[in-house]
Amino acid sequence: MATTRKQYPFDLIEPKWQSHWAANKTFRASDDGAKPKFYILDMFPYPSGAGLHVGHPEGYTATDILARYKRMRGFNVLHPMGWDAFGLPAEQYAIETGTHPAQTTAKNIATFKRQIQMLGFSYDWDREVDTTDPEYFKWTQWIFLQLFKKGLAYQQSVPVWWCEGCKAVLANEEVKDGKCDRKGHTNVSRRPMRQWLLRITAYADRLLEDLKLVDWTESIKEMQRNWIGRSEGAEVKFQISNSESQITVFTTRPDTLFGATYMVLAPEHPLVEKVTTDAQRAAVNAYREAAAKKSELDRTNLAKEKTGVFTGAYAINPVNSEKIPIWIADYVMISYGTGAIMAVPAHDTRDLEFAQKFNLPVLVVVQAPAGKESIGFVDDGVAINSGLITGLPTPEAKQKITVWLEERGLGKKAINYKLRDWLFSRQRYWGEPIPVVHCAKCGVVPLPETALPLMLPEMKDYTPPASGEPPLAKATEWLKTACPACGGPAMRETNTMPQWAGSCWYYLRFIDPKNPQAFVAKDKEKYWMPVDLYVGGAEHAVLHLLYARFWHKVLFDLGHVSTPEPFTKLVNQGMILGEDGQKMSKSRGNVVNPDEVVREFGADSMRLYEMFMGPLADTKPWSTEGIQGVHRFLGRVWRLFVDENSMEAFEQAVAVGAPAEQALASVKLSPAIRDAEPTAEQQKLLHATIKAVTDDLEAMGFNTAISRMMEFVNETMRGIAAGQPFPRKMAEPFLLLAAPFAPHLGEQIWQLLGHRESIAYAPWPAYDPAVLVAKEVEVVFQVNGKLRDRVKVAAGLDRMDLEKAAFANDKVRQHTAGKTVRKVIVVPDKLVNIVAA
RNA sequence: GCCGGCGUGGCGGAAUGGCAGACGCGGCGGACUCAAAAUCCGCUUCUCGCAAGGGAGUGGGGGUUCAAGUCCCUCCGCCGGCACCA
């Protein structure tokens, strides 16, 4: 790795100001509402054992710059940080070593905190939260109780992955290609187990609708819309031949009902058992067993060929009384719609594939537009061979047949969502205990609020018991309790909450982190919410944001929070790739360690480089040479302000081991910085820079803001080299612009300039538009759209004069010679374009 | 397959429909130095030309416009998401 010489003593400056900020609590946010508030939030990290990587500080730097900028603009800024600390790795480590997950977690948090602090972020550390802290998860449990009481939490038997080899429940991501990803066991299958679910589907419509209220990128909103997956259609009942039972299907195309030539039930559909004839039973059972081994992912990915089995039963098409066969096939999912479909092979690609494979009839009921084949046509057309709706265009046909079905009790209009209820329980130790008990007499009983927090029991062995129950089932003492309702014997719930739980509401706890009476005080919530800017990785575009929005809406409905949406503006930072352009990973050996970067170049250089690489939202590769570039820039800033001659005394002080503060005191201000009046040119440069940096910050254009400051420095250095002074009236505003980006250097130079107060709350400089008005502008002369010359003219020169000047121009005359002028376009202060032929 | 985003020098990237390539990296040349490093100054899209100057150029093709990286159509490629969703 090429090394660059240290450009300035960041190694003394940075720790100095970090301790100053900590000792003075410089960034403590006050809850008094005198100033306008600005709540700027980072997605808090899971403190992994590996420590911070360079991806984390990208978003954190962006928010930190804005937080500092907003403070300088007079806002009361809330900018907190905390830890999403429940999770699997600490539990896995506990299983292997017996170390309590709380110990591992505490250690990892300490590492993360040290690394985050070494970058000089202006968090209000008095508001730090940790989701594993009982004082925190007490309120996670409390919110669960509110959900439970509202009927939004319920238990159900749900198929989960069971590994016979591990004797344990596996998470979806632990199963790959039908094998246990941890130990390679092959006997893995889905087994129904009792689970807790949250009724997020009850909020599907509002989660969809309220996307209108937020300022997020279109792509994220679209992802959420797709995830919720609302579709309108109808439910239709089909009578089963020779049986009282009916099959209800959901379809978005009720207008194709006349083309239904068979039906398909999902293999898991409860009616399968009932309708299957004896002759088909063996085949049906074999098929159902095979299907149970496949996850839904396998079913979709591996199913190139359609498979299925005839049940032997028939259904009656309600519109024409046709008898149609009932099949089972795994291309129909039990979890979507009603788990059963009417198959219209002529107008559905999947049904057509299936019908062709099993020689089922294909009946055209939608006429495709001229030139298109009607078989396999899935778009809107005109109904044919369809009784009462024949001749109607698709939308009208849908409507009419739905009304007809409704009048006869055969069906009704229906809306379906892809979104499913949220599987909220985990068969794990290291999560929030679910605060309910199971009583033989009273059933499921919530704990009273006074019993919170419900703590995790101390355990020696974190492995799950062979019974397939969660590890907590082994905590026999903890397990036995009294029923809060009847006082009789009861058992505690052994499932715990998923990692998502703690992150669903942490932004609210930051507002009032120590409150023992409530999860957040009402007046504080009202003052600080909503979050004005939320920055984090795109990997949370769907789940975390959807879950958090859901909880927020429930709390809103209960009157606990004042806004329908929690996050006004959301920005996703892009990924930082390794220097080879590949995703950073240990195995590739391309991981950049922030500790090393800070040691070599300093925190300010790291911050600046992360912002200079490119637009925040883009994916971009790390470059060591790139960071050397911004490091050199900071060195230029340093040399712009300090007296080079005093550096010798400084070096000597360092050499004899003087304390940092004392050594830094020997650095003197550059003699070029004087109380002189800036020249007109300097004025213009300064005000143009202020305007550009301010505008860029408002638009989060960090990379271009840094470019503008580089231009300022380059031009100013040239001036100084030519013997010009660097007037204080110019130097100070520039430093104020740079301070949010490189705060340590900012503070040090601010002090050097003689200020005693921190630069963090110094007012942001204003620019004077009058200074920016140019007296002379460069205009461009074009002939037939091609640039031929550029000349300086007086600003505001009127069209006639500008045109005249163009025609008088030598270059223009050369290129128009012998041609007829057809048209002249004049844009004052910009250009003249002469069209000639 | 569907949805969304993006294609600009050797590289990271700039450009309210009006000078393409700001700024940085890298490269080349120069100053300073015994020398090197560091620093400072200059040049650096490609191409023809000794030069002056000319031509081409923002993934390919077409269009709108006096003028297109920017707007429209179409094709290709890359990235992200969803994926038998009835």
Side-chain angles (χ1 to χ4, degrees), chain A residues 3-7 217-227 229-231 233 249-253 256 264 266 296-297 299-301 303-304 306 329-333 335-344 347-351 353-354 378 416-420 538-539 541-542 572 574-575 581 609 612-615 617-630 632-633 635-636 639 644 701 703-711 714 717-718 721 778-790 811 814 822-827 829-836:
Chain A
T3 53
T4 302
R5 194 148 156 215
K6 197 163 61 179
Q7 291 270 340
T217 60
E218 197 45 47
S219 71
I220 297 272
K221 288 206 256 188
E222 196 57 26
M223 276 193 234
Q224 295 226 337
R225 283 188 205 111
N226 291 339
W227 193 264
R230 180 190 152 101
S231 65
V249 301
F250 173 74
T251 178
T252 56
R253 292 300 297 269
T256 62
V264 185
E296 293 203 2
L297 205 74
R299 271 163 69 166
T300 58
N301 268 351
K304 291 195 181 84
K306 292 271 181 294
D330 65 5
Y331 83 90
V332 173
M333 305 290 151
S335 50
Y336 183 75
T338 60
I341 62 157
M342 63 174 203
V344 185
H347 306 296
D348 182 286
T349 318
R350 300 147 301 175
D351 295 346
E353 241 180 82
F354 192 82
V378 298
N416 239 295
Y417 299 94
K418 279 204 306 199
L419 183 69
R420 303 174 201 174
E539 67 273 20
V542 178
N572 293 118
M575 213 192 329
Y609 178 60
F612 187 63
M613 290 168 84
D618 287 8
T619 297
K620 47 220 173 260
W622 184 267
S623 154
T624 300
E625 280 156 350
I627 193 168
Q628 285 168 356
V630 295
R632 275 199 287 266
F633 165 68
R636 285 159 77 84
R639 291 192 295 276
E644 297 267 15
N703 54 334
T704 46
I706 294 166
S707 296
R708 296 309 294 247
M709 291 189 280
M710 287 174 166
E711 287 178 278
N714 289 346
M717 295 267 290
R718 268 191 291 270
E778 193 176 70
V779 296
V780 172
F781 293 152
Q782 296 178 335
V783 177
N784 292 329
K786 281 198 172 173
L787 175 77
R788 292 305 174 186
D789 205 3
R790 45 190 83 176
K811 300 260 175 63
Q814 265 172 45
R822 305 268 184 216
K823 195 170 181 180
V824 181
I825 289 98
V826 181
V827 183
D829 290 346
K830 277 263 168 65
L831 60 76
V832 179
N833 187 13
I834 295 163
V835 187

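Note: hydrogens, waters and symmetry copies are ignored here, and every other heavy atom, side chains too, is used. Note that the coordinates shown come from a computational prediction; the quantities given were computed from them, not determined experimentally. In the text below, chain A, chain B and the rest are named by the order of the sequence lines, each starting its count at 1.
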Visitor: Rounded to the nearest Å, what distance is computed from the CD atom of residue A:E625 to the P atom of nucleotide B:G12?
Guide: 13 Å
Visitor: Please classify the nucleic acid contact of A:M717 as base, sugar-phosphate, or nothing, using heavy-atom distances under 4.0 Å.
Guide: sugar-phosphate
Visitor: Looking only at side-chain N and O atoms, does A:K620 come under 4.0 Å of OP1 or OP2 in B:G12?
Guide: no
Visitor: Tell me whether the guanidinium CZ or amine NZ of A:K306 lies under 6.0 angstrom from the six-membered ring centre of A:F354 and within 45° of its axis.
Guide: no
Visitor: So what does A:N714 touch, heavy atoms closer than 4.0 Å: a base, only the sugar-phosphate, or nothing?
Guide: sugar-phosphate
Visitor: Just call it for A:T217: base, sugar-phosphate, or nothing, with non-hydrogen atoms closer than 4.0 Å on any strand.
Guide: nothing
Visitor: Examine the side chains of A:R639 and A:Q7 and answer whether a donor and an acceptor come within less than 3.5 Å of each other.
Guide: yes
Visitor: Give the nucleotide from the list B:C19, B:A86, B:C3 with an atom nearest to the side chain of A:E222.
Guide: B:C3
Visitor: Distance check, C1' atoms only: B:U58 and B:G21, in whole angstrom units.
Guide: 9 Å
Visitor: If the glycosidic angle sits within 90 degrees of zero it is syn, else anti. Tell me which applies to B:G13.
Guide: anti
Visitor: In whole angstroms, how far is the P atom of B:A37 from the CD atom of A:Q7?
Guide: 15 Å
Visitor: Would you mind classifying the nucleic acid contact of A:R636 as base, sugar-phosphate or nothing, using non-hydrogen atoms under 4.0 angstrom?
Guide: sugar-phosphate
Visitor: Grab the CE-C1' distance between A:M709 and B:A14 for me, whole Å please.
Guide: 16 Å
Visitor: Check the distance between B:A67's P and A:K823's NZ and give it to me in whole angstrom.
Guide: 9 Å
Visitor: Counting any heavy atom closer than 4.0 Å, what does A:S219 reach on the DNA or RNA strands: base, sugar-phosphate only, or nothing?
Guide: sugar-phosphate
Visitor: With side-chain hydrogen bond (donor to acceptor under 3.5 Å, both in side chains) as the criterion, how do A:R636 and A:N714 come out once you've worked through the C-alpha distance, each side chain's angles and the decisive distance to 0.1 Å?
Guide: CA-CA 9 Å; A:R636 285 159 77 84; A:N714 289 346; 2.5 Å; yes
Visitor: Base, sugar-phosphate, or nothing for A:R718, non-hydrogen atoms under 4.0 angstrom?
Guide: sugar-phosphate
Visitor: Any base atoms under 4.0 Å from A:E218, or only sugar-phosphate, or nothing? Heavy atoms, all strands.
Guide: nothing
Visitor: Check the distance between B:C6's P and A:M575's CE and give it to me in whole angstrom.
Guide: 17 Å
Visitor: Of the nucleotides B:G24, B:C82, B:C3, which one has an atom closest to the side chain of A:F612?
Guide: B:G24
Visitor: Base, sugar-phosphate alone, or nothing: which one does A:S623 contact when heavy atoms must sit under 4.0 Å apart?
Guide: nothing
Visitor: Which listed nucleotide (B:G80, B:G26, B:G24) is nearest to the side chain of A:Q628?
Guide: B:G26
Visitor: How far, in whole Å, is B:C79 from B:C43 if one measures between their C1' atoms?
Guide: 36 Å
Visitor: Can you see if the side chain of A:R708 gets near the phosphate of B:A14 - specifically, an N or O under 4.0 Å from OP1 or OP2?
Guide: no
Visitor: Provide, to the nearest angstrom, the distance between the NZ atom belonging to A:K418 and the C1' atom belonging to B:A86.
Guide: 12 Å
Visitor: Of A:D330, A:V332, A:D351, which meets side-chain contact (heavy atoms from CB on, under 4.5 Å) against A:V264?
Guide: A:V332
Visitor: Rounded to whole Å, how long is the line connecting atom OH of A:Y417 with atom P of B:A86?
Guide: 13 Å
Visitor: Could you state the CD-P distance from A:Q782 to B:G17, rounded to the nearest angstrom?
Guide: 17 Å
Visitor: Under a 3.5 Å distance rule, please check whether A:N572 uses its side chain to pair with a backbone N or O of A:A541 as donor and acceptor.
Guide: no
Visitor: Say we look at B:U70 and B:A15: how far apart would their P atoms be, to the nearest angstrom?
Guide: 15 Å
Visitor: Where the side chain of A:M333 is concerned, which of B:G26, B:G12, B:A86 is the nearest nucleotide?
Guide: B:A86
Visitor: Quick one: does A:N226 reach the base of B:C82 with a side-chain donor-acceptor pair under 3.5 Å?
Guide: no
Visitor: Does a side-chain N-to-carboxylate-O contact under 4.0 Å join A:K830 and A:E778?
Guide: no
Visitor: Pick the nucleotide of RNA chain B nearest each of A:V780 and A:V542; which residue has the one closer to the 5' end?
Guide: A:V780
Visitor: Between A:N833 and A:K830, just flag the one whose closest nucleotide in RNA chain B comes earlier from the 5' side.
Guide: A:K830
Visitor: Using a heavy-atom cut-off of 4.0 Å across all strands, would you classify A:S231 as base, sugar-phosphate, or nothing?
Guide: sugar-phosphate
Visitor: Just to be sure I understand the rule, does A:G229 reach a base, reach only the sugar-phosphate, or reach nothing, if contact means heavy atoms closer than 4.0 Å?
Guide: nothing
Visitor: Heavy atoms under 4.0 Å, any strand shown: does A:K786 hit a base, just sugar-phosphate, or nothing?
Guide: sugar-phosphate
Visitor: Indicate whether the side chain of A:Y609 and that of A:T624 have a donor and an acceptor atom separated by less than 3.5 Å.
Guide: no
Visitor: Base, sugar-phosphate alone, or nothing: which one does A:N703 contact when heavy atoms must sit under 4.0 Å apart?
Guide: sugar-phosphate
